[in-house]
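Only one structure is covered here, and it is reproduced in the block below.
Count residues from 1 along the sequence. Side chains are part of it too, since the values below use all heavy atoms of this structure and drop only hydrogens, waters and symmetry mates.
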Amino acid sequence: MTQALDLAKALIAVPSVTPAHGEVFDVLEAALKAQGFEVERFVTGEAPDGPVENLLATRGDDNGPHFAFAGHLDVVPPGDGWASDAFNPEIRGDLLHGRGAVDMKGSIAAFTAAAHRMRDHTGRVTLIITGDEEGPATYGTVALIERMQERGLKPGLCLVGEPTSAHRLGDTIKIGRRGSVNIWIDVAGTQGHVAYPHLADNPIPALIRILAAIDAIVLDEGTDWFQPSNIEVTTVDVGNPATNVIPAKASARLSIRFNDKQTGAALVERIMAIAAAENPRATVTARISGEAFLTPPGDLSTLVSDAIQAVTGLAPELSTTGGTSDARFLSRLCPTVEFGLPNATMHKLDEAVALDDLAALTEIYATILSRVFDSQPLKSSSVIGGAIA
């Protein structure tokens with residue numbers, strides 16, 4: 001517990017609002033090198049989504065299982081109103097407060113402490129740590145995966161330390177996530193005086209028709225593991241300060257969260273077709289943040305579930321709810337699940353981790369590692385929505 005707590009405090013003490021770089025990686029690198037890890041750090045990418053710093057650490061050889069842990073050192077901005085400095089780790093009662101305590105410096109500290117207890121093992125342990133998960137994620141985990149492929153590092157199983165627990169540590173494991181795409185719709189018109197509509201072209205009615213057609217879509221009814229896909233209109237903008245002017249443009253933005261019955265590209269094409277049918281002058285642009293993925297229940301989820309139950313007595317729920325995470329990229333590499341601390345305070349003021357939870361998480365991670373390296377290599381499950389491992 002002391003090692004996990006000390007490292008968590010040291011990581012929290014370094015302000016690392018996304019994209020993280022520099023000193024916070026120094027702290028983790030020192031802790032990992034002390035355990036015999038080979039640590040590589042590299043910076044990649046250009047503005048506006050870069051540059052981004054990443055860390056890849058590996059220990060052991062290829063004469064046994066290869067287990068990977070993934071996480072991020074960047075955090076969201078703390079905001080105003082904290083009871084104490086967000087980057088001054090403070091223990092009050094049985095809680096450690098500080099930005100990143102839960103999401104997810106605490107989990108990284110716990111896994112590092114757990115790995116310390118497995119110094120002698122046959123096989124390989126790898127940490128995949130980015131400085132840009134809370135941001136665009138363009139040059140983060142994707143770049144780390146590319147570097148691993150260049151080096152011939154291919155884990156058999158991967159655990160992401162995101163804060164997945166809902167009410168108590170160990171109650172939830174994420175075995176998949178829905179995909180995400182943001183879409184911008186712009187309808188051009190012709191500006192004019194409202195008293196002379198025949199000399200203008202109002203884009204707002206066309207945008208309303210487009211949004212009505214989109215709102216009528218039922219994408220699917222969900223699957224055994226996923227809730228139904230949904231389309232949400234997140235903003236409608238005209239920006240017209242005048243009462244007597246027909247505007248020249250009207251815009252809207254959509255956010256679509258979708259299950260493995262859909263693909264990002266197909267959804268974008270569908271929205272483009274609707275917009276074009278309603279108004280040929282409409283333009284559609286999109287950014288696909290990630291595709292849906294599912295690691296079916298199997299060896300990996302059983303391994304993590306059994307370790308949780310051994311330490312906490314809980315039988316965790318297997319879930320695919322919530323937002324996106326870097327597991328959407330890692331699932332292309334090998335079977336991937338997510339498990340970490342309770343998420344009640346993530347991204348909130350006075351973010352905090354219970355000291356008992358930090359200790360128990362370290363024990364769970366240590367149990368997972370012990371069972372991986374004390375047994376035969378686990379049989380990998382196929383991955384739906386990503387590559388087959």
Side-chain angles (χ1 to χ4, degrees), residues 1-13 16 27-28 31 69-73 75-76 78 82-84 86-118 127 129 133-134 159-175 301 303-319 321-323 325 327 337-371:
M1 173 58 187
T2 301
Q3 187 185 35
L5 178 59
D6 288 347
L7 181 54
K9 291 168 68 176
L11 293 172
I12 291 169
S16 57
V27 173
L28 182 59
F69 174 87
H72 61 91
L73 286 171
V75 297
V76 296
W82 284 64
S84 58
F87 296 112
N88 179 23
E90 182 175 293
I91 295 176
R92 300 198 296 271
D94 61 354
L95 300 175
L96 170 63
H97 291 266
R99 175 57 86 220
V102 168
D103 190 13
M104 57 175 290
K105 294 178 177 180
S107 293
I108 291 173
F111 188 85
T112 303
H116 180 75
R117 294 164 56 177
M118 288 291 296
L127 282 86
I129 309 296
E133 192 271 349
E134 300 289 4
L159 174 65
V160 183
E162 286 289 344
T164 61
S165 299
H167 305 290
R168 294 176 57 190
L169 176 69
D171 62 8
T172 307
I173 297 170
K174 302 289 186 181
I175 62 170
S301 56
L303 168 70
V304 178
S305 296
D306 288 351
I308 291 169
Q309 194 156 15
V311 175
T312 68
L314 294 177
E317 174 189 358
L318 304 183
S319 171
T321 59
S325 77
V337 302
E338 305 169 52
F339 171 66
L341 293 161
N343 56 31
T345 63
M346 67 176 181
H347 293 202
K348 293 185 178 181
L349 297 181
D350 296 322
E351 180 179 352
V353 58
L355 300 182
D356 286 347
D357 284 346
L358 188 61
L361 183 64
T362 303
E363 189 64 33
I364 292 168
Y365 286 163
T367 302
I368 291 170
L369 289 174
S370 176
R371 294 183 178 186

> For H97 and N88, does a side-chain donor sit closer than 3.5 Å to a side-chain acceptor?
Replying inline: no
> Angle class for the F111/F69 ring planes (parallel below 30°, perpendicular above 60°, tilted otherwise)?
Replying inline: parallel
> Closest heavy-atom contact between K105 and L73?
Replying inline: CE-O, 3.4 Å
> Out of curiosity, D103 CG to H347 NE2, how far, rounded to the nearest 0.5 Å?
Replying inline: 4.0 Å
> Does A354 offer a backbone N or O that forms a donor-acceptor pair with the side chain of D357 under 3.5 Å?
Replying inline: no
>> I need the minimum non-hydrogen distance between S107 and V102, along with the two atoms involved.
In response: OG-O, 4.4 Å
> For the atom pair CG (L28) and CG (L127), what is the distance rounded to the nearest 0.5 Å?
Replying inline: 7.0 Å
> What heavy-atom pair brings A307 and T367 nearest, and what distance separates the two atoms?
Replying inline: CB-CG2, 3.8 Å
> If you round to the nearest 0.5 Å, how far is CZ of F339 from OG of S301?
Replying inline: 13.5 Å
> Closest approach of E363 and V311, non-hydrogen atoms and distance?
Replying inline: CG-CG2, 3.8 Å
> Any donor and acceptor pair, going by atom type alone, linking the side chain of S165 with main-chain N or O of G340 inside 3.5 Å?
Replying inline: yes
> Can a donor-acceptor pair be found between the side chains of K174 and S325 at a distance below 3.5 Å?
Replying inline: no
>> Nearest 0.5 Å, please: how far is CD1 in I308 from OH in Y365?
In response: 9.0 Å
>> Between D356 and D94, is the side chain to side chain contact (heavy atoms under 4.5 Å, CB included) condition met? List the steps.
In response: CA-CA 8 Å; D356 286 347; D94 61 354; 5.5 Å; no
>> With heavy-atom distances below 4.5 Å as the criterion, would you say the side chains of E133 and E162 are in contact?
In response: yes
>> Restricting to non-hydrogen atoms, name the atom on P78 and the atom on L349 that form the minimum distance, rounded to 0.1 Å.
In response: O-CD2, 3.6 Å
> Is a donor on one side and an acceptor on the other found under 3.5 Å between the side chain of T164 and the backbone of T172?
Replying inline: yes
> Does atom CZ of R92 have more than 12 heavy-atom neighbours, drawn from other residues, nucleotides or ligands, at distances under 6.0 Å?
Replying inline: yes
> Is there a side-chain contact between L361 and V353, using heavy atoms and a 4.5 Å cut-off?
Replying inline: no
> Do side-chain atoms of R99 reach the backbone of A13 as a donor and acceptor pair under 3.5 angstrom?
Replying inline: no
>> For G100 versus E351, what's the shortest heavy-atom pair and its separation?
In response: N-OE1, 3.0 Å
>> Can a donor-acceptor pair be found, under 3.5 Å and without considering hydrogens, that links the side chain of D350 to the backbone of A83?
In response: yes
> Any side-chain heavy atom of L7 sitting closer than 4.5 Å to one from Q3?
Replying inline: no
> Is a donor on one side and an acceptor on the other found under 3.5 Å between the side chain of N343 and the backbone of P163?
Replying inline: yes
>> Could you go through S305 and L318, starting from their C-alpha distance and side-chain angles, then the distance that decides it, and tell me whether this counts as side chain to side chain contact (heavy atoms under 4.5 Å, CB included)?
In response: CA-CA 9 Å; S305 296; L318 304 183; 4.1 Å; yes
>> Do L159 and V337 make a side-chain contact, defined as non-hydrogen atoms from C-beta onward lying under 4.5 Å apart?
In response: yes
> Is it true that a side-chain atom of T112 and a backbone atom of I108 form a donor plus acceptor pair closer than 3.5 Å?
Replying inline: yes
>> For L358, is there any backbone N or O sitting under 3.5 Å from a side-chain donor or acceptor partner on T362?
In response: yes
>> Working to the nearest 0.5 angstrom, can you tell me the gap between L369 CG and I364 CD1?
In response: 12.0 Å
